[in-house]
Amino acid sequence: MAVKIKLKRLGKIRAPHYRIVVADSRTRRDGRAIEEIGLYHPVQNPSRIEVDADRVAYWLGVGAQPTEPVLAILKKTGDWQKYKGEPAPAPLLQPEPKADHSGLFEAASKKAGDESQGEAITPKAKKADKKDEADSSESTEA
């Protein structure tokens, strides 16, 4: 029996999340698994990856083959390098939170608050004026 370490898809249509499972290679993608050894949530920012390193090492040691997506995840976490005896990768960098520019916007709106009261910059054109312009342009063309 060939054993694979693969992803089991869960979640809604546009909000997928996966479980990293060990399963028989002949079972379907979301079918019965032998063991669940991790989580992968790609939609979260940053992506959430949790892997039970001891269980991964065990299953790789007894001959389980990871699929390509799982292999990429294991390389990110460093479990694949540990299994192969290679140097560990650089730690994953957490993105810095984006700067909040609402304070700058509020300060700018307070400065301009005396000049404008939330009105439009250009005056609204009346529908009657547009009709008159259209009528005059038709009469000059004829």
Side-chain angles (χ1 to χ4, degrees), residues 1-138 140-141:
M1 174 173 82
V3 178
K4 292 262 186 189
I5 301 174
K6 57 187 181 178
L7 295 176
K8 179 178 181 178
R9 189 182 195 281
L10 302 167
K12 298 179 183 177
I13 291 174
R14 289 180 179 80
H17 58 275
Y18 301 91
R19 289 191 182 147
I20 301 170
V21 297
V22 177
D24 182 6
S25 63
R26 297 170 289 184
T27 61
R28 60 185 188 265
R29 178 189 69 183
D30 300 333
R32 195 170 117 200
I34 297 170
E35 183 180 1
E36 293 180 2
I37 58 173
L39 299 172
Y40 174 52
H41 294 255
V43 178
Q44 291 181 356
N45 191 9
S47 297
R48 180 178 166 199
I49 300 172
E50 294 179 15
V51 178
D52 186 0
D54 295 335
R55 297 308 296 165
V56 169
Y58 168 77
W59 283 108
L60 290 173
V62 295
Q65 295 296 312
T67 59
E68 289 183 22
V70 172
L71 182 60
I73 291 171
L74 294 179
K75 284 182 179 178
K76 288 240 186 236
T77 60
D79 293 319
W80 183 254
Q81 288 86 344
K82 188 189 301 181
Y83 170 68
K84 288 292 188 178
E86 299 172 358
L92 296 175
L93 299 177
Q94 298 294 331
E96 295 179 15
K98 294 183 179 180
D100 185 22
H101 297 292
S102 62
L104 295 173
F105 176 74
E106 291 173 4
S109 64
K110 287 181 182 178
K111 287 181 183 177
D114 300 333
E115 300 169 6
S116 65
Q117 298 297 325
E119 299 173 6
I121 296 172
T122 57
K124 292 183 180 179
K126 295 182 181 177
K127 290 183 181 180
D129 293 339
K130 289 183 181 179
K131 288 180 183 177
D132 293 337
E133 290 175 10
D135 292 337
S136 63
S137 64
E138 288 177 5
T140 56
E141 291 175 4

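Side chains included, hydrogens not; waters and symmetry mates left out as well; all remaining heavy atoms used.
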Roughly how far, to the nearest 0.5 Å, is [atom2] of [Y] from [atom1] of [X]?
{"X": "Asp54", "Y": "Ile37", "atom1": "CG", "atom2": "CD1", "answer": "11.0 Å"}
{"X": "Ile20", "Y": "Ile73", "atom1": "CD1", "atom2": "CD1", "answer": "4.5 Å"}
{"X": "Asp79", "Y": "Leu71", "atom1": "CG", "atom2": "CG", "answer": "11.0 Å"}
{"X": "Tyr18", "Y": "Ile49", "atom1": "OH", "atom2": "CD1", "answer": "13.0 Å"}
{"X": "Leu60", "Y": "Leu74", "atom1": "CG", "atom2": "CG", "answer": "6.5 Å"}
{"X": "Lys4", "Y": "Thr27", "atom1": "NZ", "atom2": "OG1", "answer": "11.0 Å"}

Flag the pair [X] / [Y] as yes when at least one side-chain heavy-atom distance between them is below 4.5 Å, and no otherwise.
{"X": "Thr67", "Y": "Ile5", "answer": "no"}
{"X": "Tyr40", "Y": "Pro69", "answer": "no"}
{"X": "Val62", "Y": "Tyr58", "answer": "yes"}

In this structure, which one of Lys8, Arg55, Lys6, Arg19 forms a salt bridge (Lys or Arg N to Asp or Glu O under 4.0 Å) with Glu35? Arg55
So which heavy atom on His17 is nearest to which on Pro42, and how close?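 Taking His17 first and Pro42 second, the nearest heavy atoms are CA-CD, 4.3 Å.
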Smallest separation among heavy atoms of Tyr83 and Gly61, with atom names: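 So the two residues come closest at CE1-N, 4.0 Å.
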Contacts of Arg29 that satisfy salt bridge (charged side-chain N to carboxylate O under 4.0 Å, His left out) - sequence neighbours left out: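 Not a single residue meets the salt bridge (charged side-chain N to carboxylate O under 4.0 Å, His left out) criterion with Arg29.
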